[in-house]
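For this chain, numbers begin at 1 and follow the sequence in order. Owing to the predicted nature of the structure, the values given are computational and were not obtained by experimental measurement.
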Amino acid sequence: MPRGGTLAAFDLDGTLHWTEKALVPAIQRAMEDMGVDPAPAERINSLYGEPLEEFCRLLLGRGPGSDCHLFRLGIRRHQKRTLPLSGELYPGVRELLERLRKAGASMAVISNAGEGYIRLVLNSFGIGDYFQSLLGADTGLSKALRLRSLLEPGNWAAAVMVGDRYHDLEAAERNGVPSIGCLYGYGSREELEPADILVESPAEVFDSMSRLGIL
């Protein structure tokens, strides 16, 4: 990665990906496959940003139908069908990524989902080429440590973390970089209040970075 310049690190679900459109039906079908009554959309939506282990614990319980590995495989299998049918990015995401690329920013996705899921989502929408780094939960590291792994070499003159849950704000704070909280995602306003700037849509993110002196 080039020295100097700007790093824009993004969460995925609730920040770039309008997750519920494709993931709710995929999760519900995976639950049915495992003999568990599917959770309502509101319950599933409240869990975005949490590691898959939390999804398993809170949606499947600890009974005989609680195999997290099988659950993951089931979600992936169903989502390969639901993403093309009903998946969406948030309005304005493509335009935001293009503006950042034209401005010379480097971009990364840091998600509490696995790298395979990140690639599936990005490639389904044809936006994978915008990102130089994809850091999923497979590393076993917290989101803060994954962000640190990008910052440690001192490659960046400036960096920012953009996300919709408390994990994203914590990652930014622990690494001494500013954060942009996405109110259009799945975190509450109260949860996101510590962010340096709050935005109501992806269209506001680029100008918010300029206000923070990132661009």
Side-chain angles (χ1 to χ4, degrees), residues 1-22 48-49 87-113 118-119 121-136 143-144 146-151 153-215:
M1 293 182 181
R3 291 190 176 275
T6 296
L7 172 66
F10 289 92
D11 174 51
L12 180 61
D13 291 324
T15 301
L16 302 173
H17 180 212
W18 199 346
T19 313
E20 64 198 87
K21 298 290 188 175
Y48 297 141
E88 292 184 40
L89 299 172
Y90 284 106
V93 163
R94 293 181 191 277
E95 293 81 0
L96 167 62
L97 299 179
E98 186 61 28
R99 291 183 74 187
L100 286 170
R101 180 155 66 181
K102 288 180 177 178
S106 293
M107 288 173 271
V109 170
I110 306 178
S111 169
N112 278 341
I118 298 171
R119 290 187 184 278
V121 171
L122 298 183
N123 293 337
S124 293
F125 298 113
I127 60 171
D129 289 346
Y130 284 101
F131 299 97
Q132 288 71 53
S133 298
L134 307 178
L135 298 178
K143 187 168 281 191
R146 279 176 275 152
L147 177 58
R148 184 171 302 169
S149 73
L150 295 179
L151 299 173
N155 289 333
W156 313 107
V160 64
M161 183 74 212
V162 185
D164 72 311
R165 297 300 309 273
Y166 66 94
H167 317 84
D168 306 307
L169 309 190
E170 288 178 352
E173 181 181 9
R174 291 178 183 177
N175 286 285
V177 302
S179 59
I180 296 175
C182 301
L183 292 171
Y184 57 85
Y186 297 102
S188 67
R189 178 175 287 273
E190 180 180 12
E191 179 180 341
L192 293 173
E193 198 62 45
D196 291 279
I197 292 182
L198 296 174
V199 296
E200 299 279 358
S201 72
E204 298 175 32
V205 172
F206 188 92
D207 290 341
S208 295
M209 290 184 186
S210 295
R211 287 168 55 197
L212 289 168
I214 301 301
L215 297 173

Side chains of Glu20 and Tyr186, donor plus acceptor under 3.5 Å: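 Yes, Tyr186 and Glu20 have a side-chain donor paired with an acceptor closer than 3.5 Å.
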Does a donor on one side chain sit under 3.5 Å from an acceptor on the other, for Arg146 and Asn175?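 The answer is no; no qualifying pair exists.
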Could you give me the CA-CA distance, side-chain angles and deciding distance for Leu16 and Phe131, then say whether side-chain contact (heavy atoms from CB on, under 4.5 Å) is met? CA-CA 12 Å; Leu16 302 173; Phe131 299 97; 3.7 Å; yes
With a 6.0 Å cut-off on the ring centroids, do Tyr90 and His17 count as close? no
Hey, does the side chain of [X] reach the backbone of [Y] with a donor-acceptor pair shorter than 3.5 angstrom?
| X | Y | answer |
| --- | --- | --- |
| Ser210 | Ser208 | no |
| Glu98 | Arg94 | no |
| Gln132 | Met107 | yes |
| Thr6 | Ile214 | yes |
| Asp11 | Ser111 | no |
| Trp156 | Leu150 | yes |

List for me each residue that meets side chain to side chain donor-acceptor pair (under 3.5 Å) alongside Glu190, sequence neighbours excluded, and say none if there are none.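 Glu190 satisfies side chain to side chain donor-acceptor pair (under 3.5 Å) with no other residue.
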Val199 and Leu183: CA distance, side-chain angles, deciding distance, side-chain contact (heavy atoms from CB on, under 4.5 Å) verdict: CA-CA 6 Å; Val199 296; Leu183 292 171; over 6 Å; no
Euclidean distance, [Y] [atom2] relative to [X] [atom1], rounded to 0.5 Å:
| X | Y | atom1 | atom2 | answer |
| --- | --- | --- | --- | --- |
| Phe206 | Leu215 | CZ | CG | 5.0 Å |
| Asp164 | Leu198 | CG | CG | 12.0 Å |
| Leu122 | Tyr130 | CG | OH | 12.0 Å |
| Glu173 | Leu147 | CD | CG | 12.5 Å |
| Leu192 | Tyr166 | CG | OH | 12.0 Å |
| Arg174 | Leu169 | CZ | CG | 11.5 Å |

Using a strict 4.0 Å threshold on nitrogen-to-oxygen distance, state whether Glu170 and Arg165 make a salt bridge.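 Answer for the salt bridge query: no.
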Is the closest basic N to carboxylate O distance between Arg99 and Asp207 below 4.0 Å? yes
Validation row: [X], [Y] side chains within 4.5 angstrom (heavy atoms):
| X | Y | value |
| --- | --- | --- |
| Leu89 | Trp18 | no |
| Ile180 | Leu212 | yes |
| Leu7 | Leu151 | yes |

Test log, rule salt bridge (Lys or Arg N to Asp or Glu O under 4.0 Å), inputs Arg211 and Glu204: CA-CA 11 Å; Arg211 287 168 55 197; Glu204 298 175 32; over 6 Å; no
[X] to [Y] - nearest heavy-atom pair and separation:
| X | Y | result |
| --- | --- | --- |
| Ala195 | Ser179 | CA-OG, 3.4 Å |
| Cys182 | Val162 | SG-CG1, 3.6 Å |
| Thr15 | Tyr184 | O-OH, 2.7 Å |
| Asp168 | Gly163 | OD2-CA, 3.4 Å |
| Pro178 | Ala172 | O-CB, 3.9 Å |
| Val177 | Ala159 | CB-O, 3.7 Å |

Leu135 and Val109: CA distance, side-chain angles, deciding distance, side-chain contact (heavy atoms from CB on, under 4.5 Å) verdict: CA-CA 6 Å; Leu135 298 178; Val109 170; over 6 Å; no
Is the count of non-hydrogen atoms from other residues, nucleotides or ligands lying under 6.0 Å from Arg148 atom CZ greater than 12?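 It does: Arg148 CZ has more than 12 such atoms within range.
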